[in-house]
*Asks:* 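Dumping the structure here so I can ask a few things about it.
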Amino acid sequence: MSIHKSEIKKVTTHQLQAMKERGEKISMLTAYDFSMAKLIDAAGVDIILVGDSASNVMAGHETTLPITLDQMIYHASSVIRAVSRAFVVVDIPFGSYQGNSSEALRSAIRIMKESGAHSVKMEGGAEIKESIVRVLSAGVPVMGHLGLTPQSIYKFGTYAVRAKEEEEAEKLIADAKLLEECGCYAIVLEKIPAELARKVSQEINIPTIGIGAGPDCDGQVLVMHDMLGINAEFKPRFLRQYADLGTVITNAVGHYIKDVKSGDFPNEKESY
Ligand code: KIV
């Protein structure tokens, strides 16, 4: 399988916008550490998201709520050291922007200054407008996130598909337009009907990046552990698993244990 890399040397918000305009789909994946970010960047992914899904797949929490701003900055700075081409966006974690717009600005500036990230992502629409505008006014690019917003999981009560009813769908369209008007450069649409995602993608001029939102978004994002089969028990309908690294790793470790126990490892060539 060849590596897909366009001619772009360093991805910027302007290039993402141009990709939407010429109909080139945007690829986005999560990463949380130096080594995986290096591999993903070398493969040519356009955007790396240092997602607060680190709370689930790196720290083992049930939700994204417990991860802290300091922990996000640690993950983001590890990723940034590895990346030479991709545009890197970092989730502002739960509790670091909902209070007021000054808190949002402080958190965004800490992420940008301490990690070297290129952008931040915030979940929500009209209810966080003031914070989004304040962060943007400091020159920090903001990616929006609508639909299933995992930081609000206790309000939703379930990870089921959002905006199936007309009222919620209308609010989502209005929120997407609002985020565009505020100056967001892209919006993640998570777990919403494909038809609604198609409509939003047509009605706004900035790129939409879908996860469980069908084929008509301007780009797609997956959590790296899910698509590589590291987190094998998580199998939602929207996920395509591109590798079975969970099995590869377990088999390799089993082989190593056998060789250690039998005295086969290390051999003479592996010794000084
Ligand atoms: O944190 C994350 O990984 C995300 C994606 C699911 C979009 O927000």
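We count ligands from 1, going down the list as the structure has it; atoms in each ligand are counted the same way. All values below come from the heavy atoms of this structure, side chains included, with hydrogens, waters and symmetry mates left out. This one's a predicted model, so the numbers in the text were calculated from it and none came from an experiment.
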*Asks:* Without swapping roles, check the side chain of Ser77 against the backbone of Ile73 for a donor-acceptor pair under 3.5 Å.
*Replies:* yes
*Asks:* What do we get for Ile211 next to ligand 1 when only non-hydrogen atoms under 4.0 Å count, side chain, backbone, both or neither?
*Replies:* side chain
*Asks:* Work out whether the distance between some heavy atom of Met28 and some atom of ligand 1 is less than 4.0 Å.
*Replies:* no
*Asks:* If you look at every heavy atom in Met19 and Lys25, which pair is closest and at what distance?
*Replies:* CE-O, 3.8 Å
*Asks:* Relative to the heavy atoms of His145, which atoms of ligand 1 are at a distance of less than 4.0 Å?
*Replies:* 8 (O)
*Asks:* Is there a donor-acceptor pair under 3.5 Å between the side chain of Thr30 and the backbone N or O of Met224?
*Replies:* yes
*Asks:* State the atoms of ligand 1, each with its element, that fall below the 4.0 Å cut-off from a heavy-atom position in Val223.
*Replies:* 3 (O)
*Asks:* Decide if the gap between the ring center of His225 and the ring center of Phe234 is smaller than 6.0 angstrom.
*Replies:* no
*Asks:* Pick whichever of His225, Met224, Lys121 has a heavy atom sitting closest to atom 8 (O) of ligand 1.
*Replies:* Lys121
*Asks:* Give the atoms of ligand 1, by number and element, whose distance to some non-hydrogen atom of Asp52 is under 4.0 Å.
*Replies:* 1 (O)
*Asks:* I'd like to know if Arg85 and Asp46 make a salt bridge, using a cut-off of under 4.0 Å between side-chain N and carboxylate O.
*Replies:* yes
*Asks:* Testing Glu21, Lys20, Gln15 one by one against Gln17 for a side-chain hydrogen bond (donor to acceptor under 3.5 Å, both in side chains), which residue passes?
*Replies:* Glu21
*Asks:* For atom 7 (C) of ligand 1, state which one of Ile209, Leu49, Thr30, Leu29 supplies the nearest heavy atom.
*Replies:* Leu49
*Asks:* Check for me whether the distance between the ring centres of Phe87 and Tyr185 falls short of 6.0 Å.
*Replies:* yes
*Asks:* Note the single closest protein heavy atom to atom 2 (C) of ligand 1, along with its residue, its atom name and the distance in Å.
*Replies:* Ser53 OG, 3.2 Å
*Asks:* I'd like to check which ligand 1 atoms, numbered from 1 as shown, lie under 4.0 Å from a non-hydrogen atom of Asp91.
*Replies:* 1 (O), 2 (C), 8 (O)
